[in-house]
2 protein chains.
Amino acid sequence: MASMNDVAKRAGVSIATVSRVLNNSESVNEETRMKILKAIKELKYQPSRVAKRLRSKTGAGNLLGVLIPDIQNPFYVDVLRGIEDVAYQNNYVIIMCNFSQDEKKEAMYLEILESEAIDGLIAAPANEDDPRVKKIVRNGLPVVCVDRGLKGMDVDVVWVNNEESAYQAVSYMIEKGYKRIAHIGGLPTIPSSRLRLDGYRKALEDHGIQIDDSLIVQGDSSYVSGIQYTTQLLDLTTPPDAIFTGNNLITLGALEVINGRKLQIPGDIAVLGFDDMNWSNALNPPLTAVRQPAYEIGKRAGELLIQRINDPKRPAIQMTLNSELKVRQSC
Amino acid sequence: MASMNDVAKRAGVSIATVSRVLNNSESVNEETRMKILKAIKELKYQPSRVAKRLRSKTGAGNLLGVLIPDIQNPFYVDVLRGIEDVAYQNNYVIIMCNFSQDEKKEAMYLEILESEAIDGLIAAPANEDDPRVKKIVRNGLPVVCVDRGLKGMDVDVVWVNNEESAYQAVSYMIEKGYKRIAHIGGLPTIPSSRLRLDGYRKALEDHGIQIDDSLIVQGDSSYVSGIQYTTQLLDLTTPPDAIFTGNNLITLGALEVINGRKLQIPGDIAVLGFDDMNWSNALNPPLTAVRQPAYEIGKRAGELLIQRINDPKRPAIQMTLNSELKVRQSC
DNA sequence: TATCTTCGTGAAATCGTTTACATTTGTCTG
DNA sequence: CAGACAAATGTAAACGATTTCACGAAGATA
């Protein structure tokens with residue numbers, strides 16, 4: 001691969017001038033600029049992003065880190081797509097790190113990202129006290145959190161109002177006439193899991209429904225946990241007549257069990273899921289769900305991050321997007 | 001961040017010696033080694049992967065590029081997971097590039113990847129003549145293709161036998177007694193789309209079934225195309241009694257239409273999908289599908305790539321993994 | 001004792017950029 | 001016409017590692 005040096009030689013100028021043309025900084029004679037552009041074309045010169053990043057510490061590397069807990073979850077895939085679209089438009093490229101809810105893996109990835117001299121990071125930290133991500137923020141790297149905040153840190157966040165969304169969803173279920181509404185929550189260490197549970201509780205209380213602790217279970221946010229806890233709930237002596245599932249994967253696990261038992265949805269048991277999927281209509285019956293604007297969350301996060309890279313001093317923004325209850329036929 | 005220079009100063013040695021300790025190359029006195037390790041710990045020194053990559057051109061950067069056509073397709077997500085697991089184990093990190101079947105985007109990403117001095121690339125090229133990926137291979141960068149080969153190039157490939165898998169699936173449908181089996185294929189430019197279609201055709205021929213061209217349609221591999229062509233097929237004066245869908249997303253689109261029309265699966269119309277999903281049992285009825293070992297494809301590809309990075313001369317391998325017909329209840 | 005190895009280490013070049021500073025030339029002002 | 005200033009360009013020092021070469025000391029060999 002041709003380097004700047006080769007270009008400079010070919011054009012009969014110094015590398016400084018080549019650099020100036022490339023970054024169109026300062027003034028350079030129109031004639032030399034042409035000579036240089038010609039040389040660049042002839043040599044098919046492509047600047048090395050690595051060298052650039054090494055030299056100009058920050059903001060010029062056009063490299064973003066993305067740290068997500070679980071790439072199997074369609075929610076994060078959509079977030080990722082949003083980020084990726086913005087990144088592409090701004091000539092950034094993404095290092096994707098999927099830590100699978102494993103904190104050791106998260107720690108290692110963060111170390112690597114630092115040592116890759118990324119210009120910024122979009123992260124969904126393992127929890128809101130996450131010391132590793134906090135350290136990165138303190139070190140001055142531009143960071144935007146998605147889906148989960150960072151307690152006591154003045155950092156950009158993009159999320160939805162989890163508690164209120166859950167509240168509305170469960171209220172809807174109550175109004176529909178369901179009496180025994182169960183909740184399968186995600187990992188309790190994840191803030192959004194707790195908030196959704198809070199919303200669930202509040203809705204029941206506000207509607208004067210006694211909370212039955214046997215109807216509340218919390219797993220690890222996985223597909224398998226959906227299967228396991230739905231089984232447990234359905235095996236109760238007085239099983240629920242509706243389930244409010246805490247995320248995408250749990251919903252799918254629940255559906256597997258319910259279908260397996262040939263139960264009718266929503267006749268025998270209704271299902272309302274937190275997190276919608278693009279293909280929720282392909283489910284039978286189509287799933288009633290709380291739709292987080294996942295793609296938009298990613299997009300906004302990307303925009304905020306690039307803004308912050310260009311202006312590190314700007315005060316932190318907490319952006320709460322609206323989720324929407326998509327009423328279909330499962331509840 | 002502390003640099004090697006800082007460590008060297010603190011330990012009272014030269015950076016060369018620090019480097020030697022880090023790469024435990026050559027011999028270094030046990031005492032100095034200790035001093036250096038201590039300094040490293042005290043300064044929380046982390047080597048810069050950027051500098052390393054700049055200096056030692058190839059194989060040392062621990063950076064892999066992954067170029068995939070559509071991250072919304074669960075198949076590629078699983079492939080990505082496989083790659084990611086191997087990468088993590090080998091201390092590599094991944095730059096994820098999703099070109100959304102857009103060749104211009106693909107071209108730009110490839111340029112960037114080159115200029116990031118990646119050590120290797122895993123790609124599902126836009127088509128088997130893809131000049132951009134071919135060029136990269138010719139430039140000597142280690143490349144492994146997944147799902148799609150590269151015509152006339154001696155390059156590692158990991159895939160399944162698409163034609164045979166489709167043949168078996170359609171044969172199964174015929175044996176089940178379906179007479180009018182339709183096929184919704186993916187983008188004809190993608191080799192696997194063509195191979196699956198070939199398998200479909202061959203199965204019909206071998207079973208003495210007349211091919212009805214009105215039952216064969218080809219879209220762009222998307223969810224929307226699934227919706228569109230299923231509608232078209234169902235609106236035929238003599239509609240099919242079964243559909244063999246060409247990929248994941250098409251399958252889901254088809255299900256949406258079928259459910260929307262309140263048709264019974266498989267009573268009114270049977271569905272057999274190419275590509276399984278981890279949650280196929282959550283569909284109602286559970287989907288009968290050809291399961292490509294997506295995760296394993298990614299894993300193998302990752303392993304091959306790392307092998308090739310360490311031994312660029314090793315002859316190319318074409319690895320054909322077995323797909324499996326998962327008989328459930330939709331067909 | 002003179003020479004040869006081996007071990008442990010440091011000096012310096014290198015990778016491909018950016019950028020602060022210096023230099024040259026020409027034009028303008030008083 | 002001297003001095004100031006601007007435009008256009010070059011020189012060289014970074015950035016943070018790896019790696020080649022050289023060198024001194026110590027031990028081995030003849």
Side-chain angles (χ1 to χ4, degrees), chain A residues 1-37 39-40 43-63 91 111-119, chain B residues 1-37 39-40 43-63 91 111-119:
Chain A
M1 285 248 302
S3 77
M4 230 168 81
N5 228 314
D6 304 326
V7 174
K9 260 183 215 142
R10 175 141 197 152
V13 298
S14 77
I15 57 170
T17 308
V18 178
S19 175
R20 281 187 267 257
V21 168
L22 252 36
N23 304 298
N24 39 347
S25 61
E26 309 178 51
S27 50
V28 21
N29 186 291
E30 196 50 29
E31 201 174 327
T32 31
R33 145 174 274 112
M34 284 312 168
K35 263 195 313 194
I36 291 173
L37 290 178
I40 287 179
L43 295 173
K44 295 187 187 168
Y45 166 72
Q46 263 271 182
S48 155
R49 294 168 64 105
V50 180
K52 183 180 225 162
R53 199 151 64 245
L54 177 61
R55 178 53 223 257
S56 52
K57 294 303 318 173
T58 177
N62 286 15
L63 182 64
N91 198 31
E111 272 183 9
I112 292 185
L113 286 176
E114 281 201 279
S115 114
E116 282 289 353
I118 55 173
D119 299 318
Chain B
M1 284 248 303
S3 77
M4 229 168 83
N5 229 315
D6 304 327
V7 173
K9 259 183 215 145
R10 175 142 197 155
V13 298
S14 78
I15 58 168
T17 307
V18 177
S19 173
R20 280 188 268 258
V21 169
L22 251 38
N23 304 299
N24 39 347
S25 61
E26 309 178 52
S27 51
V28 22
N29 185 290
E30 195 51 30
E31 203 173 327
T32 30
R33 147 174 272 111
M34 285 310 168
K35 264 195 313 195
I36 291 173
L37 290 178
I40 286 179
L43 295 174
K44 295 187 184 161
Y45 166 71
Q46 262 268 190
S48 155
R49 295 167 63 105
V50 181
K52 185 180 222 163
R53 203 154 56 246
L54 178 60
R55 178 54 223 256
S56 49
K57 295 302 320 173
T58 176
N62 287 15
L63 181 64
N91 198 31
E111 271 183 11
I112 292 186
L113 286 175
E114 280 200 280
S115 116
E116 283 289 354
I118 55 173
D119 300 318

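By convention in this document, chain letters (A, B, ...) are assigned in the order of the sequence lines, proteins followed by strands, and residues within each chain are numbered from 1. These numbers come from a predicted model, not from an experiment.
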Is the shortest side-chain heavy-atom distance between [X] and [Y] below 4.5 Å?
X: B:I36; Y: B:L22; answer: no
X: B:S19; Y: B:M4; answer: yes
X: B:K44; Y: B:M1; answer: no

A:R20 meets the salt bridge (charged side-chain N to carboxylate O under 4.0 Å, His left out) criterion, sequence neighbours left out, with A:E26
Let me know the distance between [atom1] of [X] and [atom2] of [N], rounded to the nearest Å.
X: B:E116; N: C:dG16; atom1: CD; atom2: P; result: 15 Å
X: A:I36; N: C:dT17; atom1: CD1; atom2: P; result: 13 Å
X: B:R33; N: C:dC7; atom1: CZ; atom2: P; result: 15 Å
X: A:N23; N: C:dG16; atom1: CG; atom2: C1'; result: 13 Å

Taken in chain and number order and not counting sequence neighbours, the residues that satisfy side-chain hydrogen bond (donor to acceptor under 3.5 Å, both in side chains) with B:R33 are none
Each nucleotide of nucleotides 10-16 of chain D classed B (base within 4.0 Å of a protein heavy atom), S (only sugar-phosphate) or -, in 5' to 3' order, makes BB-BBBB
Steps toward side chain to side chain contact (heavy atoms under 4.5 Å, CB included) verdict (B:R53, A:R53) = CA-CA 11 Å; B:R53 203 154 56 246; A:R53 199 151 64 245; 3.1 Å; yes
**Prompt:** Under 4.0 Å between a side-chain N or O of B:N29 and OP1 or OP2 of C:dC7?
**Reply:** no
Q. For D:dA8, does OP1 or OP2 lie under 4.0 Å from any side-chain N or O of A:S27?
A. yes
